[in-house]
Amino acid sequence: MLRSLDYAGSPSEPASLGMTGLREQFPILSATSRGKPLVYLDSAATTQKPQVVIDAERDFYTGWNANIHRGVYEYSERATVAYDGTRATAARFLGGVDADEIVFVRGTTEAINLVAQSFFRPRIATAGATVLVTEMEHHANIVPWQLAGATLVPIPVTDAGELDMEAATRLLAARPAMLAVMHVSNALGTINPIAELCAMARTHGVPVLIDGAQAVGHFAVDLPALGADFYCFSGHKLFGPTGTGVLWGRREHLAMMPPYQGGGDMIDLVRFEGSSFARPPERFEAGTPNIAGVIGLNAAMQWVMAQDTRAWERHDRELLELGRHLLGEIPGLRFIARPADAVGVLTFAMDGAHPHDIASILDGEGICIRAGHHCAQPLHVRFGVPSSARASFGPYTTEAEVRALATGLQKVRELFG
Amino acid sequence: MLRSLDYAGSPSEPASLGMTGLREQFPILSATSRGKPLVYLDSAATTQKPQVVIDAERDFYTGWNANIHRGVYEYSERATVAYDGTRATAARFLGGVDADEIVFVRGTTEAINLVAQSFFRPRIATAGATVLVTEMEHHANIVPWQLAGATLVPIPVTDAGELDMEAATRLLAARPAMLAVMHVSNALGTINPIAELCAMARTHGVPVLIDGAQAVGHFAVDLPALGADFYCFSGHKLFGPTGTGVLWGRREHLAMMPPYQGGGDMIDLVRFEGSSFARPPERFEAGTPNIAGVIGLNAAMQWVMAQDTRAWERHDRELLELGRHLLGEIPGLRFIARPADAVGVLTFAMDGAHPHDIASILDGEGICIRAGHHCAQPLHVRFGVPSSARASFGPYTTEAEVRALATGLQKVRELFG
Amino acid sequence: MATMNELYQGIIIEHDRSPRNFRTLDAPTHSGEGRNPLCGDEMSLQLVVDAEGVITDVGFQGRGCAVSKASSSMMTAAIKGKTVAEATELFDQFHALLTGKDADRTALGKLVAFEGLGAYPMRVKCATMGWHVLKDVVGHKS
Amino acid sequence: MATMNELYQGIIIEHDRSPRNFRTLDAPTHSGEGRNPLCGDEMSLQLVVDAEGVITDVGFQGRGCAVSKASSSMMTAAIKGKTVAEATELFDQFHALLTGKDADRTALGKLVAFEGLGAYPMRVKCATMGWHVLKDVVGHKS
Ligand SMILES: Cc1ncc(COP(=O)(O)O)c(C=O)c1O
Ligand SMILES: Cc1ncc(COP(=O)(O)O)c(C=O)c1O
């Protein structure tokens, strides 16, 4: 465990204890990039997939592929049960909500668009158009509200990369139509005080949507304890397939929301003069969904629930401390912010070296990091930088990889020296 | 070839010539269901997947999984090139359109919702709210227009299950805001005279959307020859992954359409006061798309383009004739319609046997067919039946399977006799 | 347990051909309708419930598959003479039977024949349609 | 062909540190700006084009990565003294070089050094940003 770790230790030291046997489950992690062993430090963009997830999709296609609902033959029944059964898995995964409150979507982005169009938009007339967001939001939690006609008010972010809770208290008291806030920042790693925000919002009668995209892969989410109205995440950031995601919404909200997309499976009666619609969750799932993807997502959630995520948290925290320590010693390197409560994300700039150059040079070493605005332009405006470089961890990330990053950055430093 | 086929031939006769070696590429086709060899006759609901498609997704996840765009490291670049490169494949697959005119969506349903919201809806004020559809449309080509505020006018269907082209001519002359019509009927198999409809629509300045969901798996589609404004299909009905689809739209339409969903990747500048958006096709692809799915779809389209689809068409036609002949001899069985120009779809009702009972009894024999309204309630109203049974073919369907269907239906007949 | 074909050959075809209580009542105390979400099929159900809460007469009508018709037919036979509370309890037992949970087989009697349907989850909707309408109907006096 | 790191160690770092023509012109005849879609970086470009269509002076400014800065720097050096038509043609050759197509290597001269970048498609956008602005600018007199 890192608490007893010697920061000057050699890169060949074993990964911390909790994570033994985890890497082997991810076939890609033994691959190479640019002729070097892959050092994947871009898990905030998308996570890698364990074999069980890859197999779940393949087994479906090779063994029992069929379209769901309305089919009464064996494969279709099995596919239907597996698809709809994933709602129960998701409901458990989120700490115990109702399976009927789980809507499958393409990802976090679609989930927020759905809520913006089907929940927020029809309420503008009565609740007003103001949506309270934060300065650190991902574009996915900004643009959908704008497209739905919102006036956005951002909760400011402090120099430490944390929410200004005093401002939040004040702004919530003005009773916006909605509070839309990220659980964990993809750009800074900040873990936001969601339960506190939800409690405040509740006293003012403000419904809350939580963007959980960066939370679910890092720690267990307990929705009943959070008290939000909507929560969403993407499968591909949770070791699951691309093109999958979950929107959870309170039963009473879903029940009164109009459909989002129209088509097969979300209807009751279709006539040219007008149609009536199915109950939630089907009402919000028009057309053939990503069946294989949802089956893969089921495997991913089951897999995560079988892990020791407490150990993940410790490991993540240890790597973050190590990374902050090692990178902090590199001359000219500066973290955009250092939030106290954070997941394993290192976001920085380097004097004289543009983030894209940093990323390209690390790429030559087989090290994958991201450079740019990380879909958080307003946050970069806030911190007065056009872009930044970001290394982000998964549970499979090792100490040796964090050390390799530091070594690589030393090289960048020398090159641009 | 079936032209020389003896309709009374035994079920053990080989499949017609063109299709040799095709079935072996689909691992699922050697599986069993209910302890019997699988007889999959539900390809109109979803097609089975060849090994190359299954492998394409798996290879991505095990070999070079990364999120696309903005990543400058090797895997991300490779994923980006593969994802965006699929536009060129789709453009070729559709007969030669511009790669920039290809938008990736979840499927046909989402494609039509996108056009209804971003193209049709903003034009209601100037072009009116009337959308001309047909009595045979799938719910996916009815409900999205209704949700966007359309008044629907259906082109009638004749007793033969074909479009009433005289009525179409008259209705188009009234200059509806839009014509939305299916290329091929999922419920009856009818191949509609799309080029003719597009030509008529053009003379009246009516934009046309073609729902190609059931066309692409059956014959080569030549968009430049059709003359439509929008065309769409689902990957899962084209031997590709679930959760994928293609919307093609004329460049000049796409250029003036507002975004559909908001989020990452579809933006130019994001500010809380307002945002600006990327050019098409990115403007219409918010958030992380189904990357693995699109890579699988690429493999599927490449695979189809390498096949002799002329031979597919002949084979399909031959099986259809055989099926109509064999089923026509079963007492009490009646086809809903027998369109002259059709793909391999047999849709029927049986005196005294409900479609669900038919499907359940065939299921006991390992035969997969669909029963219900096939997402075409208005068509069933037109033909005065609440539901029907449907067997539909893929290129891998064999003569023996069609004979097995006939034998199974004889059993149903005896049971309900 | 019976396979689907055995189920058909046994009770289903028999009740499909000659459904019990397949008629409209003259003076029902309760009535209602339902639709099978799977196929859109409809059925209507009528009851005569006396002052003691006993179902003294029952009739059903509608179009549907053999499974729903047979199940509704057997349901009507099973509930006639029972109280509304007993009938509702029977539904719970029937539902348990079809979803693989512990069920009171003695109480179910002949209805146990449907057990094999549990392996066909989509058809469970057909087999329980009549029961769902019953549950609805006892709540609404006509 | 050079790897990315060799590219950096060679021309890129050199031009990043001392970019040619990195200044604002007093009396440009043409000017314009562009943004790299990859990162939002911006640059502005100014030209003095004489009556014969010859680019007699050129200056660029802006913030950007070393690749875009080095490429813009070398571009300005390459186009000075050339006609607008020749400069545009050079862009076509440069683009061909980076996208793995046949390119006129003699005409490109020192610019051939960027060839290795072709293996990094995302960075091609950085290397061609200045050129895209040029193409835009020659169409708009200031
Ligand atoms: C003709 C037609 N249109 C649209 C659809 C909807 O396609 P998807 O469910 O893949 O969105 C289907 C498939 O059921 C179809 O057959
Ligand atoms: C915090 C946050 N919100 C939303 C998103 C959007 O997720 P997706 O692209 O999967 O829709 C992301 C991922 O980039 C994210 O990190």
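These numbers were taken from a predicted model, which means no experiment stands behind them. In the text below, chain A, chain B and the rest are named by the order of the sequence lines, each starting its count at 1.
Neither side chain, B:H356 nor C:D41, offers a donor N or O lying under 3.5 Å from an acceptor on the other.
Residues of residues 358-365 of chain B having a heavy atom under 4.5 Å from any heavy atom of chain C, listed by number: B:S360, B:I361, B:D363, B:E365. Using non-hydrogen atoms only and a strict 4.5 Å limit, the part of residues 66-79 of chain C facing chain B consists of C:A66, C:V67.
Residue with the most contacts toward chain C among B:P386, B:S387, B:P355, B:G352: B:P386 (heavy-atom pairs, distance under 4.5 Å).
The two residues C:R17 and B:L415 come nearest to each other via the heavy atoms NH2-O, 3.1 Å.
From B:K411, atom NZ reaches atom OH of C:Y8 across 14.5 Å, with rounding to the nearest 0.5 Å.
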